[in-house]
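First up is the structure itself, then whatever we jot down about it.
For ligands, and for the atoms within them, numbers begin at 1 and follow the listed sequence.
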Amino acid sequence: MTEVASPTAAGSGASATKTFQERAKAGAATDRARVNAIASDALAALRDVIRKHGVTYDEYNAFKAWMIRVGADGEWPLFLDVFLEHEVEDVASASREGTAGSIEGPYYVEGAPEFGSAGPLPMRADEPGVRLKFFGQVRSVGGQPIAGAEVDFWQADDAGLYSQFAPGIPEWNLRGRFSTDAEGKYAIDTLHPAPYQIPTDGATGALISAAGWHAWRPAHLHVKVSAPGHQLITTQLYFNGGEHVKDDIASAVKDALILDPTPADGGGEQVRYDFVLDPA
Ligand code: MBD
Ligand code: FE
């Protein structure tokens with residue numbers, strides 16, 4: 001990863017776009033009949049909107065300019081993940097029995113530092129925020145603990161910012177991969193993240209403010225849990241009573257993913273969450 005030079009939407013957008021392009025090596029479906037069906041329906045849906053609202057040339061040109069700006073700001077990953085990914089995730093996980101999934105979002109980075117089954121995430125010596133002990137067990141749907149499952153964890157800091165996407169934060173801050181112990185258990189020492197605000201100076205923020213929407217996601221923890229012979233699960237955990245838990249702009253909160261931490265011995269808070277993986 002290159003260093004992020006700017007605190008702007010374009011700065012984090014450029015990083016998100018680059019990260020996506022580096023990972024998106026798998027070919028998309030190229031079956032002609034399916035491309036035809038999906039692209040035809042998508043365009044028909046937009047034509048219906050034009051007709052329904054009597055969209056004017058001024059509005060059409062504003063839309064064109066805005067689409068161009070989304071790309072210039074590098075915000076396609078952000079925009080698409082906020083407004084469409086939850087639907088894709090719902091379709092993808094419809095037949096799973098285990099832990100509910102949620103969207104990946106634009107700020108995952110592969111290859112985070114590896115740790116054992118328990119310990120702190122990489123963080124600054126003076127990392128602000130309420131300490132949080134996040135621990136639990138990984139099991140199969142049959143109830144068997146899974147030893148050696150990978151818990152790949154990432155989150156925003158106490159200011160709602162992600163390392164590698166906002167400037168001035170050490171690489172891999174609040175990102176790490178843990179591996180469950182012989183009983184399938186893991187324990188991560190971290191901190192309670194802040195809610196995330198969509199950047200206000202980019203194309204996505206411009207649409208949000210023009211439409212009078214709010215720009216917030218509730219505080220959340222991201223995780224990918226995987227183990228041989230099981231389906232990888234990508235999900236997020238939220239905090240009971242937290243701001244915007246009930247009106248996430250990304251529509252990615254599910255009841256089963258809401259944590260209710262309790263005070264921890266020695267300060268801060270703690271919460272247990274067990275993950276259940278479907279067979280591959
Ligand atoms: C985030 O932190 C996030 O998780 C998603 C899905 C979209 C925007 C910012
Ligand atoms: Fe996030």
Close N or O approach (Y196, ligand 1; < 3.5 Å): no

What part of R217, side chain, backbone, both or neither, has a heavy atom within less than 4.0 angstrom of ligand 1? side chain

What part of I198 sits under 4.0 Å from ligand 1 if we count only heavy atoms: the side chain, the backbone, both or neither? neither

At what distance is the nearest protein heavy atom to atom 6 (C) of ligand 1, and which residue and atom is it? I103 CD1, 3.2 Å

In degrees, rounded to 10 degrees, what angle do H222 atom NE2 and H220 atom NE2 make at the Fe ion (ligand 2)? 90°

Walk me through whether H220 and D248 qualify under side-chain contact (heavy atoms from CB on, under 4.5 Å). CA-CA 11 Å; H220 57 277; D248 178 11; over 6 Å; no

Are Y162 and I169 close enough, and set up right, to give a side-chain contact (heavy atoms from CB on, under 4.5 Å), and what steps lead you there? CA-CA 8 Å; Y162 285 89; I169 304 174; over 6 Å; no

Given that the side chain starts at C-beta and the backbone is N, CA, C, O, which of these parts of D81 lies under 4.0 Å from ligand 1, counting heavy atoms, or is it both or neither? neither

Would a 4.5 Å heavy-atom cut-off, applied to side chains only, mark V245 and I258 as touching? yes

How are the rings of W216 and H244 set relative to one another: parallel (under 30°), tilted (30 to 60°) or perpendicular (over 60°)? parallel

Given F115 and F178, is the ring pair (Phe, Tyr, Trp, His ring centres under 6.0 Å) satisfied, shown in steps? CA-CA 5 Å; F115 302 101; F178 293 79; 5.3 Å; yes

Heavy atom of the protein closest to atom 2 (O) of ligand 1 (residue, atom name, distance): Y162 OH, 2.9 Å

N/O to N/O below 3.5 Å, does that happen between E104 and ligand 1? no

Just one of P106, S12, P77 clears the side chain to side chain contact (heavy atoms under 4.5 Å, CB included) bar with T17, so which one? P77

Report yes or no: does Y107 have an N/O/S atom closer than 2.8 Å to the Fe ion (ligand 2)? no

Can you confirm whether or not the ring centre of H222 sits under 6.0 Å from the ring centre of F153? no

Is the CG atom of N61 crowded by more than 12 outside heavy atoms at less than 6.0 Å? yes

Are W66 and F79, when compared by the centres of their aromatic rings, separated by less than 6.0 Å? yes

What part of H222, side chain, backbone, both or neither, has a heavy atom within less than 4.0 angstrom of ligand 1? side chain

Near L78 (heavy-atom distance under 4.0 Å), the atoms of ligand 1 are 8 (C)

Under a 4.0 Å heavy-atom limit, does P106 contact ligand 1 with its side chain, its backbone, both, or neither? side chain

Please could you name the atoms of ligand 1 that V82 approaches to less than 4.0 Å, counting only its heavy atoms? 7 (C), 8 (C)

